[in-house]
**Student:** 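Have a look at this one before I ask anything.
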Amino acid sequence: MFAAFCLRGAVEDESRIGFTVPRALGKAVVRNRIKRRMREAVRLRLDRLNQSWSIVINPRSRSLLAPAAELEREVERLFQRCNGSS
């Protein structure tokens with residue numbers, strides 16, 4: 001669904017999450033749609049992320065057609081892994 005790169009403690013107060021979508025996934029319209037879908041999935045789960053994290057999410061092509069619930073589950077799994085390594 002996506003690759004994620006996480007770094008703990010890079011920011012003092014709050015977590016930062018960024019998105020990188022390679023041009024290989026499509027034109028700007030497609031890449032922006034993927035980012036919007038990922039942003040929404042992260043927004044819905046952001047309260048479950050504790051500590052101060054810097055996370056970069058690199059979506060794959062599957063994230064364009066995946067159901068929103070599946071994206072949310074994957075983001076939830078990522079945040080659980082981050083919280084578990086505290």
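Predicted model, so just to flag it, every value in this text is computed and none were measured.
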**Student:** For Asn32, is there any backbone N or O sitting under 3.5 Å from a side-chain donor or acceptor partner on Arg37?
**Tutor:** no
**Student:** Could you tell me whether Glu40 and Arg43 have a side-chain N and a carboxylate O separated by less than 4.0 Å?
**Tutor:** yes
**Student:** How many angstroms lie between atom CD of Glu74 and atom CD of Glu76, to the nearest 0.5 angstrom?
**Tutor:** 11.0 Å
**Student:** Can you measure from CZ (Arg16) to OG (Ser54) and round to the nearest 0.5 angstrom?
**Tutor:** 4.0 Å
**Student:** Can you tell me how far the OG atom of Ser63 sits from the NZ atom of Lys35, to the nearest 0.5 Å?
**Tutor:** 12.0 Å
**Student:** Is there a side-chain contact between Val42 and Leu49 (heavy atoms, below 4.5 Å)?
**Tutor:** no
**Student:** Given 3.5 Å as the limit, does a donor-acceptor pair link the side chain of Asn83 with the main chain of Asn50, or not?
**Tutor:** yes
**Student:** Output the distance between atom CG (Asp47) and atom CZ (Phe79), rounded to the nearest 0.5 Å.
**Tutor:** 9.0 Å
**Student:** Distance from Arg73 atom CZ to Arg45 atom CZ, nearest 0.5 Å?
**Tutor:** 9.0 Å
**Student:** Side-chain donor-acceptor contacts of residues 20-30 below 3.5 Å, not counting sequence neighbours, with atom names and distances?
**Tutor:**
none

**Student:** How would you list all residue pairs meeting salt bridge (charged side-chain N to carboxylate O under 4.0 Å, His left out) that involve residues 53-71, not counting sequence neighbours?
**Tutor:** Arg62-Glu70
**Student:** Within this structure, what is the CG-CD1 distance for the pair Leu78 and Ile17, rounded to the nearest 0.5 Å?
**Tutor:** 7.5 Å
**Student:** Considering residues at least two apart in sequence or located in another chain, which fulfil the side chain to side chain donor-acceptor pair (under 3.5 Å) criterion with Arg39?
**Tutor:** none
**Student:** Linking I/L/V/M/F/W/Y whenever their side-chain heavy atoms sit closer than 4.5 Å, directly or via other members, would Leu46 and Phe2 fall into one cluster?
**Tutor:** yes
